[in-house]
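Worksheet for the structure shown next.
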There are 2 protein chains.
Amino acid sequence: MAVTLKDIAVECGVSYSTVSKALKDSPLVTEATKRKIKEKADKMNYIPNNSARSLVSNKSHTIGLIWPAVDRVAITTLATHVNEALKQAGYFMVVSIDNPVRAASKFLELRFDGVIVFDEGESTTLPEKITNNIPVIAYGVARELPYPIINVHHNWAMKQAVDLLIEKGHQNIDYIGELHTNDIRQIVKQETIEKYCEEKQVNYRLIDSGGLTEMAAKQAVKRFLKTETLHDGVICGSYDIAMGVLHHVDELDLQKTIVAYDNIKQFNSIETPIYSVGVPAEEIASSLVKHLTRSIETGSENNPEVIDLYPSLQFHEKK
Amino acid sequence: MAVTLKDIAVECGVSYSTVSKALKDSPLVTEATKRKIKEKADKMNYIPNNSARSLVSNKSHTIGLIWPAVDRVAITTLATHVNEALKQAGYFMVVSIDNPVRAASKFLELRFDGVIVFDEGESTTLPEKITNNIPVIAYGVARELPYPIINVHHNWAMKQAVDLLIEKGHQNIDYIGELHTNDIRQIVKQETIEKYCEEKQVNYRLIDSGGLTEMAAKQAVKRFLKTETLHDGVICGSYDIAMGVLHHVDELDLQKTIVAYDNIKQFNSIETPIYSVGVPAEEIASSLVKHLTRSIETGSENNPEVIDLYPSLQFHEKK
DNA sequence: TTGTACGCGTTATCAT
DNA sequence: ATGATAACGCGTACAA
């Protein structure tokens with residue numbers, strides 16, 4: 001049986017409310033008794049009971065992250081940054097790889113203070129039944145939602161990519177990304193390419209990566225190359241897809257310009273010169289945390305706000 | 001403010017203890033009132049308070065998974081299987097990507113029912129201070145630990161791999177894996193290769209993959225190939241490393257025999273014929289869950305038991 | 001400065 | 001069949 005405040009109180013010959021105060025450094029307790037109590041608590045290996053605390057304070061200092069698809073390097077990096085940012089802000093982050101609605105329901109039952117969703121569209125939408133009861137923030141692309149979402153402007157990013165390729169003199173562009181999907185982020189990228197290339201009057205082809213992982217992209221490009229050849233202006237839908245594409249691109253082919261979506265440090269260790277465009281993972285993380293904690297601390301309702309973050313273009317030279 | 005049992009009681013004109021019973025289908029309540037209460041509860045969007053439950057029952061029906069390095073495909077697959085198995089067993093799984101000791105401490109404070117650790121050696125070792133207070137099970141390779149560990153016999157697996165290569169007539173073997181690391185799993189693989197190849201009197205080389213990710217392996221092999229060439233018997237330390245190595249292997253090179261550690265379904269979609277050797281992820285998952293839940297339900301102390309799981313060899317033909 | 005007492009939402013035991 | 005009540009561990013307003 002775990003050690004409780006009472007146990008410590010008995011040991012120290014004080015009442016348990018004094019112990020409670022002492023352990024949270026209340027000014028209402030003498031330094032001397034405080035020290036004694038803390039020492040004892042430590043010696044007895046006291047572990048505060050969050051359930052009890054949460055019952056009285058209505059706070060768990062814990063945030064749940066809903067992240068159904070634990071793969072893809074890019075998003076892993078983001079999760080790590082979010083974890084750090086939350087720690088800084090005094091929260092513990094916990095992730096569920098379960099189905100989003102089940103995950104959120106459990107988070108509610110556990111009385112977590114807030115939830116973050118890596119939004120992918122329909123499949124990750126949380127019902128109001130849930131979101132009326134806990135601060136929520138999503139990360140993804142702007143869409144009709146009863147809770148705030150960090151919008152990373154995939155369309156803006158894709159336009160920058162196209163502009164860059166045009167500037168480099170490429171009139172033929174290949175976009176490699178996931179085409180047949182419900183993931184709204186992927187859809188936006190694809191549609192932007194279509195519209196913007198037409199607007200700018202450059203030729204483009206859409207090549208289906210058949211998924212978001214490196215392996216899927218690698219195989220898709222391989223199939224493609226059996227009958228066709230890649231143009232010199234290439235846009236990849238994500239870091240992982242770029243990795244898959246690069247298997248088939250000669251590093252010494254300096255004709256080609258490759259631009260990939262995402263903005264993570266891993267691009268720096270690629271051996272082929274490459275451009276990337278996206279919002280830095282740190283920035284996304286700190287924005288998520290800032291908005292969520294504000295909403296928690298003010299106790300305000302979730303509102304359908306869209307928080308815009310703008311991508312930036314970077315060049316990664318050959319290492 | 002969240003709906004409580006009391007609120008429902010008032011609405012239904014019964015006492016809240018009746019509501020409590022009704023909602024857990026106690027036989028002590030009439031079907032009629034039960035139905036009425038359940039209906040109301042649903043309508044009022046009642047969400048049970050796990051903190052309160054946990055306080056009285058000492059159970060949270062939640063398990064924490066400690067998984068500091070969310071990358072690598074192979075282990076992601078395992079996590080997914082563990083999540084499923086725990087769900088079947090009536091538990092909710094939650095993962096922390098934080099530093100293992102902090103994660104475990106928080107799990108304790110949250111009064112989770114048990115913790116699973118993806119063990120990597122020193123860096124993921126939990127102190128007794130913690131493990132004396134909660135059922136723990138690790139996944140990794142046998143080592144001195146105050147709590148049970150599922151041992152997947154990397155050495156057995158590597159021996160099978162070497163035997164296979166010898167049988168296929170290869171007297172020169174290349175092992176590609178992470179060589180300079182504290183990760184005990186990698187160390188065991190490496191050392192087994194060394195000893196067993198010497199015992200069997202076959203030539204071998206150790207090639208450092210410089211990490212456990214596909215990208216690291218890919219670059220390492222590329223460097224290697226600048227001055228040397230790969231032997232026809234190749235052993236890869238993991239699925240991800242194999243993926244990195246395959247970038248440099250011609251699919252049509254039927255001279256080569258490639259064996260990779262791990263046993264996950266992803267091997268089936270590789271386009272190069274490949275062998276794999278390892279314990280199936282499902283089996284690891286169900287073993288982890290079985291032992292942990294037994295330990296939770298019997299309330300027994302953590303003991304330093306080693307649970308052995310044996311790898312099996314599989315061939316994946318060209319798709 | 002320290003102690004007492006109440007309440008948080010729930011379960012479980014005991015009366016009714 | 002239903003209701004009243006104690007207890008779980010803790011925070012805090014109030015009393016001493």
Side-chain angles (χ1 to χ4, degrees), chain A residues 1-38 40-41 44-62 105-113 133-134 299, chain B residues 1-38 40-41 44-62 106 108-113 133-134 299:
Chain A
M1 213 66 290
V3 176
T4 71
L5 290 185
K6 265 182 197 157
D7 300 327
I8 302 174
V10 171
E11 277 292 308
C12 295
V14 296
S15 87
Y16 71 86
S17 76
T18 304
V19 177
S20 172
K21 284 172 208 150
L23 291 183
K24 35 184 14 103
D25 250 332
S26 159
L28 301 175
V29 183
T30 335
E31 277 306 320
T33 46
K34 246 193 236 182
R35 216 180 10 259
K36 193 178 77 177
I37 290 173
K38 282 184 181 171
K40 262 277 183 266
M44 297 174 73
N45 192 25
Y46 168 70
I47 298 152
N49 186 327
N50 232 306
S51 299
R53 284 188 171 171
S54 164
L55 243 199
V56 5
S57 68
N58 259 313
K59 277 190 209 75
S60 63
H61 300 284
T62 307
S105 305
K106 288 294 189 177
F107 289 167
L108 260 185
E109 292 183 12
L110 289 164
R111 292 299 188 269
F112 286 174
D113 294 340
N133 289 286
I134 189 171
Chain B
M1 211 65 290
V3 176
T4 73
L5 291 184
K6 269 181 194 157
D7 300 326
I8 303 174
V10 171
E11 279 292 309
C12 295
V14 297
S15 84
Y16 69 85
S17 72
T18 304
V19 177
S20 172
K21 285 171 208 148
L23 291 184
K24 33 185 17 101
D25 250 334
S26 159
L28 301 175
V29 183
T30 337
E31 277 306 320
T33 46
K34 247 195 237 180
R35 216 179 12 258
K36 193 179 76 178
I37 291 173
K38 282 184 182 171
K40 262 277 182 266
M44 297 174 72
N45 193 24
Y46 167 71
I47 297 153
N49 186 327
N50 234 304
S51 297
R53 284 188 171 171
S54 164
L55 199 52
V56 9
S57 69
N58 258 311
K59 277 187 208 79
S60 63
H61 300 284
T62 308
K106 287 295 190 177
L108 261 184
E109 291 183 13
L110 290 164
R111 293 298 189 271
F112 286 175
D113 293 340
N133 289 286
I134 189 170

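Just so we're on the same page: letters track the sequence lines, and every chain starts at 1.
- Atom CZ in A:R53 sits roughly 14 Å away from atom P in D:dG9 (whole-Å rounding).
- Nearest to the side-chain atoms of A:V29 among the listed nucleotides D:dG11, C:dT2, C:dG9 stands C:dT2.
- One N or O donor and one acceptor, one from the side chain of A:K21 and one from the base of C:dG3, sit under 3.5 Å apart.
- Nearest heavy atom pair, residue A:V3 against residue A:Y46, reads O-CD1, 3.4 Å.
- The phosphate of D:dG11 (OP1 or OP2) has a side-chain N or O of A:S20 nearer than 4.0 angstrom.
- Between B:I8 atom CD1 and D:dT2 atom P there is a gap of 16 Å when expressed in whole angstrom units.
- The 5' end of DNA chain C is approached more closely, in terms of each residue's nearest nucleotide, by A:T33 than by the other of A:T33 and A:V56.
- As rounded to whole Å, 12 Å separates atom P of D:dT12 from atom CG of A:N58.
- Atom NZ in B:K36 sits roughly 16 Å away from atom P in D:dA1 (whole-Å rounding).
- B:I47 places its CD1 atom 15 Å from the C1' atom of C:dT10, with the value rounded to the nearest Å.
- Between B:K24 and C:dT11 there is a side-chain N or O to OP1 or OP2 distance below 4.0 Å.
- Look at OH on B:Y16: it is 10 Å from P on C:dT10, rounded to the nearest Å.
- As judged by a 4.0 angstrom heavy-atom cut-off over every strand, A:S57 is placed among residues making no nucleic acid contact.
- Between A:R111 atom CZ and C:dG9 atom P there is a gap of 9 Å when expressed in whole angstrom units.
- Checking the phosphate oxygens (OP1, OP2) of D:dC10, a side-chain nitrogen or oxygen of A:Y46 falls inside 4.0 Å.
- B:L28 comes within 4.0 angstrom of a nucleotide base, judged by non-hydrogen atoms across all strands.
- Dashed line: the shortest gap from a side-chain N or O of B:T30 to OP1 or OP2 of D:dT2 is under 4.0 Å.
- The shortest distance between side-chain heavy atoms of A:E109 and B:N49 does not fall below 4.5 Å.
- Considering every non-hydrogen atom in both B:K34 and B:V29, the closest pair reads CE-O, 3.5 Å.
- At least one side-chain heavy atom of A:I37 sits under 4.5 Å from a side-chain heavy atom of A:I8.
- Atoms CE (B:M44) and P (C:dG9) sit 13 Å apart, rounded to a whole Å.
- Shortest non-hydrogen contact noted between A:K38 and A:A22 is CE-O, 3.6 Å.
- Side-chain N/O atoms of B:T18 include one lying less than 4.0 angstrom from OP1 or OP2 on D:dG3.
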